[in-house]
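In this text the structure is predicted, and so the values were computed from the model without any measurement. So you know, we letter chains A, B, ... as the sequences are listed, proteins then strands, and number each from 1.
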10 protein chains.
Amino acid sequence: MLKGIPRIISPELLKILCEMGHGDTLVIADGNFPAASLSSKLITLSGHGSIAVLEAILELFPLDEAPITQIGVMETADQSKPEIWEAYAKHATELVPIERYAFYEKAKNAYCIIATSESALYANAILTKGVL
Amino acid sequence: MLKGIPRIISPELLKILCEMGHGDTLVIADGNFPAASLSSKLITLSGHGSIAVLEAILELFPLDEAPITQIGVMETADQSKPEIWEAYAKHATELVPIERYAFYEKAKNAYCIIATSESALYANAILTKGVL
Amino acid sequence: MLKGIPRIISPELLKILCEMGHGDTLVIADGNFPAASLSSKLITLSGHGSIAVLEAILELFPLDEAPITQIGVMETADQSKPEIWEAYAKHATELVPIERYAFYEKAKNAYCIIATSESALYANAILTKGVL
Amino acid sequence: MLKGIPRIISPELLKILCEMGHGDTLVIADGNFPAASLSSKLITLSGHGSIAVLEAILELFPLDEAPITQIGVMETADQSKPEIWEAYAKHATELVPIERYAFYEKAKNAYCIIATSESALYANAILTKGVL
Amino acid sequence: MLKGIPRIISPELLKILCEMGHGDTLVIADGNFPAASLSSKLITLSGHGSIAVLEAILELFPLDEAPITQIGVMETADQSKPEIWEAYAKHATELVPIERYAFYEKAKNAYCIIATSESALYANAILTKGVL
Amino acid sequence: MLKGIPRIISPELLKILCEMGHGDTLVIADGNFPAASLSSKLITLSGHGSIAVLEAILELFPLDEAPITQIGVMETADQSKPEIWEAYAKHATELVPIERYAFYEKAKNAYCIIATSESALYANAILTKGVL
Amino acid sequence: MLKGIPRIISPELLKILCEMGHGDTLVIADGNFPAASLSSKLITLSGHGSIAVLEAILELFPLDEAPITQIGVMETADQSKPEIWEAYAKHATELVPIERYAFYEKAKNAYCIIATSESALYANAILTKGVL
Amino acid sequence: MLKGIPRIISPELLKILCEMGHGDTLVIADGNFPAASLSSKLITLSGHGSIAVLEAILELFPLDEAPITQIGVMETADQSKPEIWEAYAKHATELVPIERYAFYEKAKNAYCIIATSESALYANAILTKGVL
Amino acid sequence: MLKGIPRIISPELLKILCEMGHGDTLVIADGNFPAASLSSKLITLSGHGSIAVLEAILELFPLDEAPITQIGVMETADQSKPEIWEAYAKHATELVPIERYAFYEKAKNAYCIIATSESALYANAILTKGVL
Amino acid sequence: MLKGIPRIISPELLKILCEMGHGDTLVIADGNFPAASLSSKLITLSGHGSIAVLEAILELFPLDEAPITQIGVMETADQSKPEIWEAYAKHATELVPIERYAFYEKAKNAYCIIATSESALYANAILTKGVL
């Protein structure tokens, strides 16, 4: 634990957030996301929901200035908007829906995937780090 | 995630609990415990309190039948009883206080230390797995 | 060993099943399948048949909701249906035969291959994990 | 799989049995034995009982000629003789009971511990390889 | 050493032969073959000829049933037939000559290359494991 | 880089500071200290002086409450007080001089040694993390 | 530390500079560059600006003789010239602006990326080692 | 050191020369060659010239019988012939000049690159091992 | 393979023999010796007898000049002299018998143990390298 | 290669010399010294004599100021002084002879052992780094 660091952020995740640069992306995965198979770096935050994780991360770094890359979400099959997106939308200029398989491709290239236990469906989000 | 497994239990922790045998011990460490320096195997459950972790583990395995080894706790300097011990006491025949440095020695020999973010002081507990 | 976990599931396999997500696949290989050469993650369950393994896994996670991906089997050269398929068929909406070399390609991309000692021929199956 | 090799013997275990020499020891552990914490080399044969494992191993190598080292078993607290010992006794000149903590020390020095899912209690055995 | 296992088979090679499946290939390389640079798994059997190695392996597993894949040999520049092929030919329906660079490509994809000290030229052979 | 984290703290050091617990120690080594040979975990902060490193660390965690363990320094041969100690003394109740070889022993047991390029002699300090 | 080696050069960086050959490239990355995600070898020099790093490196090796490869910089979106480029320009025949994504590609192929904490934007530089 | 082995050949290099087969290649790199970045296996023979290394190697294995592959050298920009080539030419039927970037490609595929400190320019050579 | 190196010496063994110095010891183990459990470095020469291995090694390095350390052999229980010792005795001033468990202790400290398939009993030998 | 660094110093050795601190020791071993078995870090400088290595190192760091630790040499059996010691003696206040087995103990604790091919006997030296 450290002064000013949210307790939900593990030491390993803190290191990863710190070594990310402008333009690097990070996926906050819900409990059903195939995080282990798609990630090159995997952080497991079992037992936590995705909103708490998102908000802790945003205390530590800004999102990219371009709205299109700030927060992407996984598009639902029927184009509906999951309720959890409302909590995400408070933190970005706009939420950008990304088709499921395109989202998987982006997740493979992300610097890190954080596996949460979020039980809401279609609750995956991909963030781009901004300039400090 | 799996059917019947508490979501707070990460895949890595699940493996460790499963490979432990009768008589192996496990430390649930509070947020100030020197878990990384004392452990040979370390599981980090950042953002969680110790009671939730204890209760999830006890869904998966029984404690040893001998009361003296079921749950040990770290003795306070003034022999007071931290409030959090009451929650632990529900799960064992008795709680066994262990002097601070003796507790550290036991922690070094534990099969695993789980680093939680528990903010209560003297909230460390050491469990012994029983027979299945 | 843990409460409620079939004993045939090793600690390492339990971890793998737990870290798989929606859409990840797993191969249950018969004793003649080239499991070691095709797998990126290999679990060896020597001495066991494939039906016992399949049934233990299905106690732990649901199959994908889409019938086409639930359970795939390796097509025989002469389109015959091995007797062992009947035991598999009880667990899926339908069994989907996959041509031998196509099956190998899918196996390479599976999250895990489990090498059993199943002596029946053409007893390989590929499962897709569903939503929890 | 290979001609003449019992199917319960995994490739990794086969290698270990082959590289053992005269005087090296091997523990067949029951499902409650702390195999992972005591072993330097661990083989997991989940889902199998200990007798099947013992008999498969004895197809592959002879026990030491000295009765005192052929097969040791873990002494029960009340000096009773578990029923499973009868099956073991068929393979050695005599079974040698070893006190629980002395057995743990011998297990630490064994070349390999095989973790089975044997549900009988006090079913642990330690074998010494003989001369080929 | 183990009962019934030819002494020329090292523990590591025994493991590899055991984990190979139907259709996996293995190269027995003569002393001049670039075994270390082409292999993903390399077994070194220095001081041995290739016939002794071939015969020991065939005590442990059958060749594939299809003659075209049983034993391939490296074609000589002048289409001559090296004398050593006669010893190989006793073990297969037919020997299948493979052009030098095509042989190298197959060797790269083999499960294992065994580097012998065989002094005969063009004595390389590639085997395909059959069904047990 | 992260909001609120001094830029001199590398991602790896940030992780280490975060995983340290109450009572763990850390050495800030001057440029001549044998940091690589004594450390189990080594962080290299070439080109920096020790005061800047000390002050950055103290923004992130508190020192232990016991004055005797807050900041130890390496005793000079002639009991003189290096000028640089004045800067250290501002951060602790008292500075505790430790004989050279005793300091080396403590350094071996520290959780981490940070190798700086501090050119002042006898500028080594050992800190103990407090409670958060 | 060594005689004649600038103190900002860590032992690991010194090794890397020494093993680079004619034509190998090295990126000096500013604090916002995605250094960890693009590098195969990463050196972290937290707390330092890029000019000090550049000047220390140039004490140790010459730049390539061809002006086009001596020092490349990351082109700004509006073709403006960041003030920090003036310090870089003193060390090369000319500075060669490279479009942002082309710069990323070159960084992936560089022998090493040095992550500084340089706060100036567009302060990334790529150097090519010359002949000694 | 061993009887009959030139002292300039390190134990690691001796192993590599021994495991190379017919057709494998090896680069003797001059002091400016980007050996570390192009090699999959790197041997560093600092402080030695390339002729001494070449002659020691040729005591241990023959070159390929085909003149075109015996010794290749890196072509100079102006087609001149460096003086050091004369020493190389004594050991091959002919020296085969290879264009600079083609030479780099061949070096990437070599079994080993030996980094010498040869100060002559364009002194790189690529050898092909023959039949023993 | 290399000129002048006996073919029974594998590349890895050749490296080990070359890096041994004056006073380092090496065990040639018979087929029943517990070579894998006692060795820190293990070379497996399956299928070979111990005399051929000894003679190949002595082509490459001299034994120590002190007769007491040249060749030690494992003492038999009844002080008899195995026939194979005669072949060993040709290479040393005298053979020095070493009690079985003392031999095991020396084997643990040897630089390397070579596991042969020698079928003669009490055929283990320990050599000390001399000065070149 | 780098400006001002002797060519005999390899990149790996340069790193090691740079990370050594005041009081760390380094052994320059002659060609017969058991360097590989005694070292925790080994640098091989095959083909070089020990004087050239010593002189290159002393260009890079000073020896300790205490004469007793500057340069130790291995005492000969007959107390004679090998001729090569004269070259060493030029670089230290005095040469300190150390009994053979005491020298081996010091070598085990050295930060690094450099294995040269020095052919002179009793040419081993142990240096202590001073203050920069």
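Ranking C/Ala56, C/Ala36, C/Ser10 against chain D, the residue ahead of the rest is C/Ser10, based on heavy-atom pairs under 4.5 Å.
Atom CZ in C/Arg7 sits 14.0 Å away from atom NE2 in D/His48 (nearest 0.5 Å). To the nearest 0.5 Å, the span separating CD on C/Glu12 from OG1 on D/Thr44 amounts to 9.0 Å. With rounding to the nearest 0.5 Å, the separation of OG in D/Ser46 from CD1 in C/Ile9 is 8.5 Å.
Using a 4.5 Å cut-off between heavy atoms, C/Leu13 does not touch chain D at all.
Other residues, nucleotides and ligands contribute only 12 or fewer heavy atoms inside 6.0 Å of the NZ atom of D/Lys81.
Within residues 83-122 of chain C, the residues approaching chain D closer than 4.5 Å by heavy atoms are, in numerical order, C/Ser117, C/Glu118, C/Ser119.
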